[in-house]
Amino acid sequence: MDYNFSEIEPKWQAEWQRQGTYKVEVNHSKPKYYVLDMFPYPSGAGLHVGHPLGYIASDIYTRYKRLTGFNVLHPMGFDAFGLPAEQYAIQTGQHPAKTTEENIRRYREQLDKLGFSYDWSRCVETCDPRYYKWTQWAFLKMFESYYDIEKDQARPISELVARLERGEVAGVSAEKWAAMNEWQRSDYLMNYRLAYRADTMVNWCEALGTVLANDEVKDGLSERGGHPVEQKRMKQWLLRVSAYAERLLAGLDTLQWSESLKEIQRNWIGKSVGAQMFFDIVGSQRKLEIFTTRPDTIYGVTFMVLAPEQCEPHGHFRSLCTPDNVAAIDKYLADTKKRSERERMTETRRVSGVFTGSHAVNPFTGEQIPIYISDYVLAGYGTGAIMAVPAHDDRDKAFAEHFNLPIISVVEGKDQAAIDGILSEIEQRGIGSRKVNYRLRDAIFSRQRYWGEPIPVYYKDDIAYPLPLEELPLELPAVDDFSPTRTGEPPLARVKNWQTKDGYPLETSTMPGFAGSSAYYLRYMDPHNDHALVGKEADEYWRDVDLYIGGIEHATGHLIYSRFWDKFLFDLGVVVDQEPFKKLVNQGMIQGRSNFVYRDKASGRFISYGLIKDYDTQEIHVDVNIVKNDILDTEAFRAWRPEFANAEFVLESGKYICGWAVEKMSKSMYNVVNPDQIVADYGADTLRMYEMFLGPLEQSKPWDTNGIDGVHKFLRRFWNLFENITEETPTPAELKTLHKTIKKIREDIENFSLNTSVAAFMICLNELGQCNKRAILEPLTILLAPFAPHITEEVWSRMGHATTVFDAEMPEFNPDYLVEDNFDYPVSVNGKLRFKKTLPLAIDATEIEKAVLADENAQKWLEGRAPKKVIIVPGKIVNIVI
RNA sequence: GCCCGGAUGGCGGAAUUGGUAGACGCGUUGGUCUCAAACACCAAUGACUGAAAGGUUGUGCCGGUUCGAUCCCGGCUCCGGGUACCA
C-alpha cells in the first residue's frame, strides 16, 4: 500500500473535529501549559507559505507538551479590525464586515488543511461585539483610573478626587478644587486619567485620513501603504503608557525573550538617568529648565539651546526673544517647519539656529552664556531645552563651530563618582534634582476611521463622559460610505443617531489596531464569559502564556501595549500575573525565491541560464509554481501566458535552467507559494516537516522547494516500514538508535531546534534500515506525531490502537541503551598524524596512554622522537605531543 | 553615528560551545532496475594533488592565546536587524 496522504489527511482532520480531540478545559489534576500564536490579520490575499512557519513550530510544541502530560491551551483567532479591509471598502463599497468574514473563512480552511491542534471552540474575532465589549470595558476602566506614584500602581480616579476634596494634592487646595466648575475639573483630571483626551502633536497621515501611533510610522512614512506622515496638533484620545515605563523596563528581566528583542524594547522605553536643572535668566524672574545625563560637564557649558516650538508666538519661552531678534527668529521658525518635513524624507541634517538675544547664568561659574534656538533640540523630549557642552557632545560641538562659540574641555571620560558628587551639590544648592527621563510616549488611541472599536464616550458641553458599563458593547453602526465626511470628520459622523439614549453625541473616532490584540490572550482562557473579560477560575488556572510565537515586527507595538494592558489589569486585580508572555520566540520571515527566464533580444528565444553569457538577453520573472529545482516546465510555461504560447527554448543538457534571486514574497514577482498547492502535491505532513527542516526557526530564509523531496521520501520510508510489522525482539543496536533519537528529539523540541530534529529522524531511519519491529516503531510513531500528525495517527490506528496517538505517552529516554563497551579515541600526534583507536571506555588514563603509545601507527610516527606528554580527554581524544 | 546579530562545500544548513569540521537534506557524478524515460534503490562527492594508499590545504580577512580554535582574545571587511539630532 502506498503512502496516500491525500486520503489520510482529510480523514484524520475530520475525525479530530468529530471527536473534539483538541478541546481543552480547566483540569486541576494536570499541569497547564499555554502555547499562543500571534493571531493573523485575515487579508484578502490568503495565507502564503511564510505564515504557517511559526504556527507549525507552536503546533509541534503543543502536541509534544500534551504527550508529556500537560493540559495544553492552544487557541487561535483573528485580528479582524484594520485598515486594509476599510481601504478596500472605500474602493469597492463592500462592507468590511463582509470581506473580513470571507477572508476569515478562507484562512480557516487553509489552516485546517495543515492539521493544527487548535481548540477552535475558543476562537475569538476582535470585530465581534461580544469580544470588543471587553476592549471597550478596559478602556473605560483606564478612563476611570490614574497612576498613583506612591503606591506605584493604577488606582480609581475617585480616590484622587477624594484627595483633592481633602486638599491632599500639591498645588490644588481643597478650596481651589471646590471652586472649580465641572469643565475645569474634567480638564484637570484629564492630566491624570490613564485613558485621556489631550491636544497633542500627532502623526497625521493625509492619504489614510487618520492619525498613527509612533510604531505605525517608519522613516516618516506610514507602515501600511507607505504614505507620507506629518506632525499636526489635534485633540486625541491617548493611553498613559508612559506611567508604566519603569515597570515595563524592569519586567523585561523576568522574561525568557531573546536578548535582541529585550534590547529593542529597552531602547524604545529609552530610560536615561540624570539631572533636572534650573538656570537663571539675565534680566528675568523666570528660570530655564533643562535635563542632562552629564551634570559633571557643567563647567564646560558655553551656551543654551531651546527647541523651536518653545519660541513660537504662544510658546513657553517667547518672552526670551528680544525685539531686535524677533524677525530673524520667526523666519527661522518658519524655515524649520518647512524643512523638517522634507528632511524626514531625505534624512540629511545640517547645523542651523538663531540667537534669542537673551542670556542665562551658569550656576557653577556665574558666567553669562547666550541662549540659542535650534531644531536639533526636540520639544517632545526632556524639557525641550539643553545646556550645551560642545567639548563633550558632537551635536553641541558642530553647533559651536558653526556659530563660533567657545569650546571648553572639562572632564575625561564618564566618571559616575564625579556625577554623583555634582548631583549632591546641585540638590544642596536647590538648583536642580536627580531625574529619570523616558523616551516612551503615551499611545495615541483614536483613529479617524470606521472599521474599529467605537470609543465608548459621549460629550456634554464638550466634556467627555464614559458610557455606563451596562451599555457595553457600544456596537459599530452600519454605514454605506466609509470615507471621511466633507468636513474631514470620521465616517461615524455620518451616522444619523450616533448619540446616547439622552441624545448626547458619541465619540466618532474608533480605536487603533493594537486595541483588540492587547488582551486577546486572556479572552482565550474564558472566551464565552458574558460577565467578565476572563473569569477568576480560568485566569488562576491558565495564568499566563508559557510560550508565545510570532514575528519580531511587533516588538515596539503590540508587545509593549499588551504588557501595559496586562499590568493595568493586574493593578485592577483582574489578572494574577504581571507579565503576559513568559517565553517568546520570534520566527524568521520567509522570503520569496524568484525565478527568471532569459529572452534573447535578437531572436526572441528563451536561453537557459548557463548559456546567457553568449547572448544579449532580457530577464523576465517566471511563476515559481511552474519551476521545479530551477528547471522550467516548458509546456507549463507555454500555457502560462498567451504571449509565450509559441516560445522556443535554447536548452542545456536537455533542460531549461532558470536563474533565481531572493526577493520579498509578492504577487508581482510571481514568487508567492501557496501552501494549498504544496499540501496537494506532497501533503501537510511533508510541508510541516519541510518548513522546519529549512533552517533555524528564528532565522529569515527564502522559500525554496528544492529539498522538499527529501522530506517526503523520509515519510514514505517511514510508512513502508509498517507494511509487515513484526513482534520480534529488537537488537541492542536498534534499541541504541531508538534511544539516541528519543534523547535528541526531546532535547531539540525543548530548544526549538526543530531543523536538527527533522534531521535526527532521517538519521534514525538510515540506521534502522529495514527494521519493522513493533517495539521500535511504536515509540518512534509517538515521537514523530508532533511533526507529522496525520501519518502517525494513521499508522497508530493500524497498529490496533483505539485512541488517538496524542493520548499516548512520550517515550522516555533510557541511557542504559547507549552504554558501549568500546569507544573510538581519535588520536592526534602533535597535530600531524591522526588515527583512530578503539579502547575500552572504562579504563583509566594511564592505561589509555600505554595502549596508544603501543599502537603500531603511533610507534611508527614516534620513532626517534620522544613524546613530551600525552593529553587525554576521557572519552574524547588522545593527543601526543612531541 | 550608536546598539544588537551574523559570515562554514555547488545550495539550505550541522558541530555535544576548546577535542576527528562539513551531520541531515538538496544538487551533481557513477551504478542497479528498465526496450527507454520517470520513480526507487546503492555508491561517491570541500578544494588541490595522486593510479591508489596517502599528502597538502580548508569555517569572511589579519594577528594572538593553546598540545589543539568554527568556538576564546585583539584589529579589520562585508551582510542583516533595531534606533536615531533622546541632551
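Below, chain A is the first sequence line, B the second, and so on; all start at residue 1.
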Hey, does A:Ser272 reach any base, or is it just sugar-phosphate, or nothing, if we go heavy atoms under 4.0 Å?
sugar-phosphate
How is A:Ile763 classified with respect to the nucleic acid when contacts are heavy atoms under 4.0 Å: base, sugar-phosphate, or nothing?
sugar-phosphate
Measuring only the C1' atom in each nucleotide, how far is B:rG18 from B:rG55? A whole number of Å is fine.
27 Å
Could you check A:His712, A:Glu691, A:Arg716, A:Lys713 and say which one makes a side chain to side chain donor-acceptor pair (under 3.5 Å) with A:Thr686?
A:His712
What does the list of N/O pairs under 3.5 Å between the protein and nucleotides 5-13 of chain B look like, with a distance for each?
unit_1, atom_1, unit_2, atom_2, d
B:rG12, O2', A:Leu694, O, 2.7
B:rG13, OP1, A:Gln699, NE2, 2.5
B:rG13, O3', A:Asn755, ND2, 3.4

NA contact type, A:Arg716, heavy-atom cut-off 4.0 Å: base, sugar-phosphate, or nothing?
sugar-phosphate
Pairing residues for A:Ser374 by the side chain to side chain donor-acceptor pair (under 3.5 Å) criterion, not counting sequence neighbours:
none
Quick one: closest heavy-atom pair of A:Ala379 and A:Ala307, and the distance?
N-CB, 3.6 Å
Residues two or more places apart in sequence or in another chain: which of them pass side chain to side chain donor-acceptor pair (under 3.5 Å) with A:Asp681?
A:Gln677
Per A:Met762 side chain, nearest of listed nucleotides B:rU83, B:rC85, B:rC24:
B:rC24
A:Ile264 meets the side chain to side chain contact (heavy atoms under 4.5 Å, CB included) criterion, sequence neighbours left out, with A:Ile552, A:Ala555, A:Thr556
Of the nucleotides B:rA87, B:rC85, B:rC86, which one has an atom closest to the side chain of A:Val377?
B:rA87
Take A:Lys736 and A:Glu767, measure what salt bridge (Lys or Arg N to Asp or Glu O under 4.0 Å) needs, and give me the verdict at the end.
CA-CA 10 Å; A:Lys736 182 183 163 187; A:Glu767 286 182 11; over 6 Å; no
Of all the nucleotides listed (B:rA84, B:rA87, B:rA23), which has the minimum atom distance to the side chain of A:Ala759?
B:rA23
Sequence-distant partners of A:Lys287, side chain to side chain contact (heavy atoms under 4.5 Å, CB included), two or more places apart
A:Phe278, A:Asp280
Rounded distance in Å between the P positions of B:rG46 and B:rA52
14 Å
Can a side-chain donor-acceptor contact be found between A:Gln276 and A:Arg434 if the only test is distance below 3.5 angstrom?
no
Proximity to RNA chain B (any heavy atom under 4.0 Å), residues of residues 297-310 of chain A only:
none
